[in-house]
Amino acid sequence: MIKIRHLQKSFGQVQVLKDISTEIRKGECVCVIGPSGSGKSTFLRCINLLEQPDGGSIEVDGRDILDSGLKIDDYRKEVGMVFQHFNLFPNMTVKRNIMLAPMRVLGLSEEESSGKALKLLRQVGLESKADTYPNKLSGGQKQRVAIARALAMNPKVLLFDEPTSALDPEMVGEVLHVMKELAEGGMTMIVVTHEMGFAREVSDRVLFIDHGVILEDRPPRELFGRPENERTKEFLAKIL
Ligand code: ADP
Ligand code: MG
């Protein structure tokens, strides 16, 4: 589904991504771990073209997304993103938050998008909150709405950038549970996370990124069981 070759990205003099190559297969859940500032967010932001890479290639579903002929707006519909901060629209109900993009961007009718929003809210366990405003929700509930909103565009791939890092500890589990169900349902996902339990239990592969380089790209059992790289060992010792 995603083929990345020799991806590079610098900000000014600082090379943040150095020669990143990897592939994500359809239906895979890949976790990305690594120290703060190592380039994890930049990696995701290059995949959905929130940042323009400086070098290398990214193919998504058979298309070169760095081709100058790519229609970026069409491409972005195919790649959903869930952020640490949920970015819900405060002046709209939960259901309206989810309906907005399908109506505006996909051209769905009011009824179609409403039906879809309710179905997605059921999927994330929040059907009863359809007419509630975001400020009445807990952090975990807001993040589940944000996931439903991303799903409403029928993305081919979902990118998560530390989706539980801003949550109180007791709300982390409900969000990870929704993500686990998505992964089990066959969604192609790339998840930047510090939740090693999730990475271990749910992901097919874990990428360890440090200083803009993928130091390990292995199934979680191998990576957590016998990390090969010294820097991976150090990182895991600090975080586990
Ligand atoms: P991570 O998500 O792993 O913590 P980031 O990808 O956010 O790391 O950042 C990697 C490095 O790139 C950091 O040093 C950060 O300061 C820098 N960086 C990220 N985005 C920008 C930007 N828009 N402009 C300048 N520097 C940036
Ligand atoms: Mg980050």
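We count ligands from 1, going down the list as the structure has it; atoms in each ligand are counted the same way.
- Listed by number with element, the atoms of ligand 1 under 4.0 Å from a non-hydrogen atom of S36 are 4 (O).
- There is a protein heavy atom less than 4.0 angstrom from atom 25 (C) of ligand 1.
- Nearest protein neighbour of atom 19 (C) of ligand 1, counting heavy atoms only, is F11 CE1, 3.5 Å.
- Atom NZ of K233 sits in a crowded spot, with more than 12 heavy atoms from other residues, nucleotides or ligands closer than 6.0 Å.
- Annotation for ligand 1: atoms under 4.0 Å from non-hydrogen atoms of P35 are 3 (O).
- Backbone and side-chain nitrogen or oxygen atoms of G39 are examined, and one is located within less than 3.5 angstrom of a nitrogen or oxygen of ligand 1.
- Residues K95 and S114 have side chains that bring a donor and an acceptor to within less than 3.5 angstrom of each other.
- In this structure, a donor-acceptor pair under 3.5 Å is absent between the side chains of S38 and D210.
- Within the coordination shell of the Mg ion (ligand 2), defined by N, O or S atoms under 2.8 Å, S41 is present.
- The number of heavy atoms from other shown groups lying within 6.0 Å of NZ (K77) is above 12.
- The two residues M81 and A150 make their nearest non-hydrogen contact at O-CB, 4.4 Å.
- With hydrogens left out, the protein atom closest to atom 6 (O) of ligand 1 is T42 OG1, 2.5 Å, a heavy atom.
- For atom 16 (O) of ligand 1, the nearest protein heavy atom is 4.0 Å or more away.
- The protein heavy-atom contact nearest to atom 7 (O) of ligand 1 is S41 CB, 3.6 Å.
- D217 and T22 are linked by a side-chain donor-acceptor pair at a separation below 3.5 angstrom, with hydrogens and angles left out of the test.
- Using a 4.0 Å cut-off between charged nitrogen and carboxylate oxygen, E110 and R96 count as a salt-bridge pair.
- For atom 14 (O) of ligand 1, the closest non-hydrogen atom of the protein is G37 O, 4.3 Å.
- Residue V16 has no N or O atom closer than 3.5 Å to an N or O atom of ligand 1.
- Using modelled atom types and a 3.5 Å distance limit, the side chains of N154 and K116 yield a donor-acceptor pair.
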